[in-house]
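Right, one structure below, let's go through it.
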Amino acid sequence: MPETSLQLGIFALGGTIAGTANAPGATVGYRAGALDISELLRGLPFPAHCALTARQVAAIDSKDLTASHWHDLLDAMDASPGHQAAVVTHGTDTLEETAHWLWRLHAPGQRPVVLTAAMRPADAPGADGPGHLVDALALAADLAQRHAAGQPSAVWVTLHGQIWRGLDMDKTRPYHLPAFESVDSGPWGLVENSHVRWLRDPAAALQPGPQDHAQALATLAAGAQRWRQDRDAPWPWVEVIYATAQADPRLIPALVQAGVQGLVLAGLGNAQVPQRWEAAVEAARAAGITVWASSRCTRGQPVPAGQPPFSAPQHSGQFLSLARLRLDLCLTLLAFRRA
Ligand code: SIN
């Protein structure tokens, strides 16, 4: 691709990438979001043909992320008309949820977005944040050029030199590196010495897969649009309930009583709901609660099995973690909420 002068916007939300250790050399027990984005960028080598603007949107540990941070992030991006691609620095703990949310809100004509994060605080020995940030900028520059040349854009994540679609990756390890992987589909590309090597055509990223359910995806997009248009709309209350041997059903009526609107059941094996939960789940459904059943297994999709009493959502042709399913159920409820 020919080199042009590109404007990249960096939007910082905090996280370990901006963290500082409480004790010299510590790699746990640090303060996430302690450093400003300008401090993280200082001294880093960036693509020569790029101009950067950086904005601190929040400075949080991403365990405390809320939907209003997503509004703030999108507002900040909208208020920065000059950039051709955005880089978002984030905590790793809810990175996949922000990536998922942005993915559901994204349209192919919008500017590309790249999220990145780090597992070690900025002052730790072997801090991974600076390299990830340099990779994210290289990826954003590549995507900005493609978008300028008329290619559809998407939401991407890069860590550990790998590139995933915002839909594909999950944090699978709490400490060790690499902490992220794409369970079903693998990386779409690699960043090597600030050069992007695509393994698949990024222009195809937003195309629905053969198993995707078009009507369900349209519902998710409608829910996303409604959420974005009405900042004050109440967030739908959706909980994930985790099935175990001897799982007690009493949590379900307690949640219904308290006003929950949706439940994602983290079922056993192939989305199996314990028999002792069945009456409580039926009662929740009868009370108007939307219930999706999935699996607590961390890899692979549940496979539809005839007429199970509680079926897993089949809107996506790929593995979606429980956290991602919960967001899709929130979007579905938003789509069907009465104005
Ligand atoms: C966070 O998610 O903000 C803290 C953990 C991390 O970024 O690795």
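Every number for a ligand or one of its atoms is a count from 1 in the order of the listing. Below, all heavy atoms of this structure are taken into account, side chains as well, without hydrogens, waters or symmetry copies. Note that this is a predicted model, so its numbers are computed, not measured.
A salt bridge between K171 and E97 is absent, with no side-chain N of the basic residue lying under 4.0 Å from a carboxylate O of the acidic one. A salt bridge does not link D61 to R31: none of the charged nitrogens lies less than 4.0 Å from a carboxylate oxygen. Using a 4.0 Å cut-off between a side-chain N of Lys or Arg and a carboxylate O of Asp or Glu, R324 and D328 do not qualify as a salt bridge. Taking the charged nitrogens against the carboxylate oxygens, D78 and R228 do have a contact shorter than 4.0 Å, which makes a salt bridge. D75 and R231 are joined by a salt bridge, as a carboxylate oxygen and a charged side-chain nitrogen come within less than 4.0 angstrom of each other.
Residue contacts with ligand 1: D93 is placed with a nitrogen or oxygen under 3.5 Å of a nitrogen or oxygen of the ligand (distance criterion only). Considering backbone and side-chain N/O of S62, one or more are found under 3.5 Å from N/O of ligand 1.
Looking at atom 6 (C) of ligand 1, its nearest protein heavy atom turns out to be T16 OG1, 2.6 Å. Protein heavy atom in closest approach to atom 8 (O) of ligand 1: T92 OG1, 2.4 Å.
A118 counts as a contact of ligand 1, since one of its heavy atoms falls under 4.0 Å from the ligand.
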